[in-house]
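Structure, as structure tokens:
Reckoned from all heavy atoms, side chains included, excluding hydrogens, waters and symmetry mates.
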Amino acid sequence: MSGTADLDPPGTDVRMRATLPARYGEAIFWLARYMERIENLARMLDVTESFARDDRGVGNWRSVAQINGDDALFHEKYPQASGADALRFYMLDGDNPTSIRFAMRAAYQNARTLRPLISTEMWAQINVFNKEIEGLVPADIAPSRLSGLCSRIKDGCHTHAGLIEATFYRDQGWYFYQLGKYLERADQATRLLDVHHHLLTVARDDLGADRSEWQILLRASAGYHAFRRVSPRGISLDAVVGFMLFDEAFPRSIRLCVRTVGSLLERLRQTYPMLRSTKPLECYDELDASLTRAVAPLIAAGLHDYLDLLQQQLGGLSNEITRAYFEV
Amino acid sequence: MSESMVQGSDGFAPLLDGYDPGGFFCELTTPRADGGREVRLIAERLAHLGVEELRRRARQIERSLYDLGVTFTVYSDANAIDRILPFDLVPRVLFAAEWAEIEAGIAQRVRALNLFLHDVYHDQHILKDGTIPPELVLKNANFRPEMVGIDLKHGTYIHICGVDLVRDEHGRFFVLEDNGRTPSGASYVIENRHAMLRVFPDLMADIGVRPVDNYGLKLQAAMGALAPAGVADPHVVLLSPGIYNSAYFEHVCLAREMGAWLVEGRDLVAIDDRIYMRTTAGLVPVHVIYRRINDDFLDPAVFRPDSALGVPGVMAAFRKGNVALANAIGTGVADDKAVYAYVPKIIRYYLGEDAILPNVETNICREPAALRYTLDNLDKLVVKPVGESGGYGLLVGPAATKPEIAAFRTQLERDPANYISQPTLKLSVAPTLTEAGIAPRHVDLRPFAITGETTWVLPGGLTRVALKQGSLVVNSSQGGGSKDTWVLA
């Protein structure tokens, strides 16, 4: 993990630095989660659209709905369940808690709460970004424009990430931001892997024929080229799943995200001993233990149950963080 | 345009060519004893840029204010719209001598109002000897019996005061209103200056404008000084109603400038008559609250029980002296529009001085003679409800239609004690960028004073401008804008 080592000059104990209203801590945590969610959704919509078009069309949109566990809401609101409906559902539908519009509104509300704390540049960027997302109309997600839009949304998220890196004062609030971000990223990775794995195992006997499914998975995580380098001589189910789950260097692997959370919690405890970090750290240890597994037996036993366990543990850790730091 | 009114009118060409303030006093072009050089510089620079370039920069400023979210929220039909306070980029200039008078006048006024409040909440001399009708104070909705007998540091009740000033055709300043509760606008003074410095670095060079960026420091120092005795490192917070309040940006700006946390009621808790902030590491004591919540909503245990914005128990902590509030509770009895009429008397009563800044002549409609005069002259007067702010519910006689006047007459007759009336002033104007080029528009001025033991006045203040031609209403909720206000050093 980058950026957390030796950042705090020793012996500074100004009140503004040591004290953080709990409500702000929670808003930072959720700002990070929603911004990360927006990026993940944009990645997924982009590749699903580009790669789903070639042969199966609508089919893959089902998988998107499954990833997010909102099959039911989707089919209730859009009985036709066309590709266009799915895009609209994930891009523009403010009722859908896993839409970009919903996540952007939530991020914006949190940013409003955080205005007294965050840098002017951070605030202004989110303010403008939110207006852009609010201004989107169905014509903006037409197939010919979708990829460009997804790129702009990713750019918006990356500009935000850059401003966090360059301008966000690194006291407790910064830790809560990073915690939210990596927890969300890990959570999104489990969902992405779950659905694609499901589709993959159907075609397990003939991986070559389902290459596009791999590509969607790896490209949605920006891991395709890295994976090819790590695994240049072929594609195997074990290798792809192992890469997504456990790769030590891939920034969207579940293990890297979770370990980052662990070292953040540890450093938070050291730097701010007055915080109640015990429970979250215990929770992290359990999660970390779950990530020390061999891939092949996991797949044999059914990856879905394993991913489900990870999701529950991630949710549990998120709840413990909330309880320990934000509920006073 | 009368030639004698405009100094060096050649220097203003071509931009101010044809600029005609009419019979009004112009804040820029009407000659004063000092400041001629600076005015010439400003006019020359504006002329050099030309109207098109000014428009381009005006758009740039509005864009940046919008992106930065320097906005207030207008609520209408269940929609919340973030609007910027329209900004006019031609600065309003106050000359050094003018400012000295304003500064002294405001300090005097705040001092007298604080003495008045102390008296009203203690021995009530001014009521007992009949200088002010007792019922005007004691029956006033803003009088807070809970404050009786409470002693405040330096006897200061109004720590932050915004005094609305207007200027007549002779250039005389008058006080239109004292805002001694939770006056807003100081953030726009700070942000307007930032915007000017970003977009207009070339306009201010070599002019010597007094800075406004130490407002937050002054505020933090004044608030810190209110902390209970024995507190070495006072913890000051700004209490806001939260993100849905129309003035939320102002609260954000001031909290940032002060280096204090912006908190909501739910962030604070009272335990054993002390106030604490809920933090990630548990409860942390709070010593001073700069509150931007009205008295009514501050403590549901004492005032409105339905208030979700306040902190139950804060009043008890305040009474015990464990937490200071700025402004103090109950200041509304001093800035009430009916009490306003007595402020010159109040100044004489407590300070033995004449008011440096006079009041606008005011008819108190609760008095029969004043009511009769008002009813007879509705078409010439401005009539205001005493309990309202924001320019709502008032009648501007000369601008009103006959049916409007008739309707207002009924209202006034029904509840005369709720109204005052004042002559329509010939408000001063300032050059303003309009669709028709640079044209005169009416302005007022709200300087901000911070008072602990002594009073400090932020140089300048908020100049509000009525952007509509001929309009006298400068309120932001009714089509007003603002200008950067330059006090010449």
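The two residues A/Met274 and B/Ala281 have their closest heavy-atom pair at CG-CB, 3.5 Å. Closest heavy-atom contact between A/Val328 and B/Arg278: O-NH1, 3.4 Å. For the pair B/Val252 and A/Pro116, the tightest heavy-atom approach, listed with the atom from each and the gap, is CG1-N, 3.9 Å.
Taking OG1 of B/Thr280 as the reference point, atom CD1 of A/Ile28 lies at 9.0 Å (rounded to 0.5 Å). Taking CG of A/Asn110 as the start and CD1 of B/Ile243 as the end, the distance is 8.5 Å to the nearest 0.5 Å. Here the OH-CD distance, from B/Tyr244 to A/Gln109, works out to 4.0 Å after rounding to the nearest 0.5 Å. Here the straight-line distance linking atom NE2 of B/His251 with atom CZ of A/Arg115 works out to 12.0 Å at 0.5 Å rounding. Put simply, CG on B/Asp67 and CH2 on A/Trp123 are 11.0 Å apart, with the number rounded to the nearest 0.5 Å. A distance of 6.0 Å separates NE2 in B/His235 from OG1 in A/Thr19, rounded to the nearest 0.5 Å.
By the neighbour-count criterion of 12 heavy atoms within 6.0 Å, atom CZ of B/Arg198 is densely surrounded, having more than that number from other residues, nucleotides or ligands. Within 6.0 Å of OH in B/Tyr66 there are 12 or fewer heavy atoms belonging to other residues, nucleotides or ligands. The environment of CG in B/Asp272 is sparse: at most 12 heavy-atom neighbours from other residues, nucleotides or ligands sit within 6.0 Å. Other residues, nucleotides and ligands contribute at most 12 non-hydrogen atoms within 6.0 Å of the CZ atom of A/Arg88. Other residues, nucleotides and ligands contribute only 12 or fewer heavy atoms inside 6.0 Å of the CZ atom of B/Arg274.
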N/O donor-acceptor pairs under 3.5 Å from side chains in residues 282-289 of chain A, not counting sequence neighbours:
{"unit_1": "A/Asp288", "atom_1": "OD1", "unit_2": "A/Arg259", "atom_2": "NE", "d": "3.0"}
{"unit_1": "A/Asp288", "atom_1": "OD1", "unit_2": "A/Arg259", "atom_2": "NH2", "d": "3.4"}

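B/Leu68 is not listed as a side-chain neighbour of A/Asn127, based on a closest heavy-atom distance of 4.5 Å or more. Put simply, the side chain of B/Trp261 reaches to within 4.5 Å of the side chain of A/Leu20, judged on heavy atoms.
For B/Tyr248, the part lying near chain A is the side chain, with the backbone staying farther off; criterion is any non-hydrogen pair under 4.5 Å. With a 4.5 angstrom heavy-atom cutoff, B/Asp267 touches chain A only via side-chain atoms.
For the options A/Lys131, A/Glu121, A/Glu327, heavy-atom pairs under 4.5 Å to chain B are most numerous at A/Lys131.
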